There are 2 protein chains.
Amino acid sequence: MAITAEALPETTATIADRIFDKLRQAIVEGEIPPGSKISEPVLAARFGISRGPLREAMRRLESSSLVERKPNIGARVITLTSAQLLEIYVIREALEGMAARLAAEQMSDAAIADLKRLLTQHRKDVAQEEWQAYFQKEGDLDFHFRIVQGSGNRRLATILCNDLYHLARMYRCQFGMKSDRARDALKEHELVVDAIAERDGELAEWLMRRHIRASRKATERRLAAMRESL
Amino acid sequence: MAITAEALPETTATIADRIFDKLRQAIVEGEIPPGSKISEPVLAARFGISRGPLREAMRRLESSSLVERKPNIGARVITLTSAQLLEIYVIREALEGMAARLAAEQMSDAAIADLKRLLTQHRKDVAQEEWQAYFQKEGDLDFHFRIVQGSGNRRLATILCNDLYHLARMYRCQFGMKSDRARDALKEHELVVDAIAERDGELAEWLMRRHIRASRKATERRLAAMRESL
DNA sequence: TCTTCGCGCATTGTCGACAATATGCTTGAC
DNA sequence: GTCAAGCATATTGTCGACAATGCGCGAAGA
């Protein structure tokens, strides 16, 4: 499933838009490694296009903060520092907390039932010890994605899905996400959904914020361990 | 004062970047009215540049959601609907609430003292019945700007300052902001700063969220009144 | 008179080439 | 041997021109 706010058609009209999607995917999945310099001529040749559309795509990648550009020097793929990663968690805590509150107030009963079905599937995956696939297949992001969509706030969804989720996914691809938090995370997801089903917005926000805070702290510990073993 | 995350030098290196700033300002201040179609040839001629840099600037404006683009058709300046405006308030409530919490935890004593001085100036302005200049001169946004900077979260600052504040300012320029909420807003600002000075992050977040929620409700009332008188 | 088809025009999308700036390598001097 | 200056090269920034798509006007038919 493509994680974007507006479901974009498979083949967008302009080359620049297609290249933007391809480049974003390549960067997020690590095919173009972080910190590597992006040469316009070689990329244009590699995709068989001219530099014009490529530059337009680069400007959009710059706005998404996936590449850093310095005038007259060039563009490099960003390297997520530990501090920046934690910054993203803080922002997600604020935004997704609000999203959970709104979802509790505005989500349709059908959508909530659908969300419960998703969690049931996740529960089965975890029970069958297949939870390595849980995080790998973006099951976690899928849950958060639905909550954000359920908030009904399109701009909120755009900020999270067009920028922050891609950055989070980039981090996951960078360090092979072998979290042992799947069981805890699933439990926390269930609590959030219960609160949404109860239409308790305040509780839903509180639970979602605690959930993301817990994820952040787990990541913090993992980063500290990595620094330790270095 | 330019409201941007990174203080950009007066004359940026590339034409595309300069045009981006100029166009953003023109759009935000209403010089290019909302909904108007943007013709690449005429704009390029007006600025005396080629279409290449202009298109790159347009791509960035598109990412900032100041213009809407349809492939093979063209770009139009966005028209902020009432619903979209309220969506922005909700996002600001979440993000700036978090920013206030972080500011209470991380802002330096010197910065807090500076912030208090700013409020003293605002208090004098309001007392002298010059508060029409308060909102007009972006005094309100200036306060919020400093809190966000004080959070120490650069990405949070980028989201708010590069996108949301410009949209808020665009709305203010669109409908000539004649709010009678200046006194209440100032009082709420003081409470937030007090909480930050006390290093009470939780209270600072709560007060900031209540402040932005009050602003949103005032805007809601104003929008309803406008619809009524139509 | 209203609708519809088709043509022409304007605008957008794309491309290749030129100019300007930064990088690195070589060469010379100390 | 090391540092600095200058040049060569490659890359970025910008431009003008061509191709493709969408829009509007006019003409023809019902």
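In what follows, every chain begins at residue 1, and chains take the letters A, B, ... in the order their sequences are listed. From a predicted model like this one, the values you see are computed outputs, not experimental measurements.
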Item to check | Sugar-phosphate or base contact per nucleotide [nucleotides 7-13 of chain D; S, B, -; heavy atom under 4.0 Å] | outcome: ----SBB
Going by salt bridge (Lys or Arg N to Asp or Glu O under 4.0 Å), name the residues that satisfy it together with [X], two or more places apart in sequence or in a different chain.
X: A:E220; result: none
X: B:R59; result: A:D17, A:E56, B:E62
X: A:E205; result: A:R101, B:R209

Next on the checklist: Run the side chain to side chain donor-acceptor pair (under 3.5 Å) test against A:R76 and tell me which residues pass, sequence neighbours left out.
Outcome noted: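 None.
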How many Å lie between [atom1] on [X] and [atom2] on [N], as a whole number?
X: B:I49; N: D:dG16; atom1: CD1; atom2: P; result: 11 Å
X: A:F47; N: C:dC15; atom1: CZ; atom2: P; result: 13 Å
X: B:R76; N: D:dC23; atom1: CZ; atom2: P; result: 11 Å

Item to check | Residue pairs involving residues 39-50 of chain A (criterion salt bridge (charged side-chain N to carboxylate O under 4.0 Å, His left out); sequence neighbours excluded) | outcome: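 Salt bridge (charged side-chain N to carboxylate O under 4.0 Å, His left out) check on residues 39-50 of chain A returns A:E31-A:R46, A:E40-A:R51, A:E40-A:R55.
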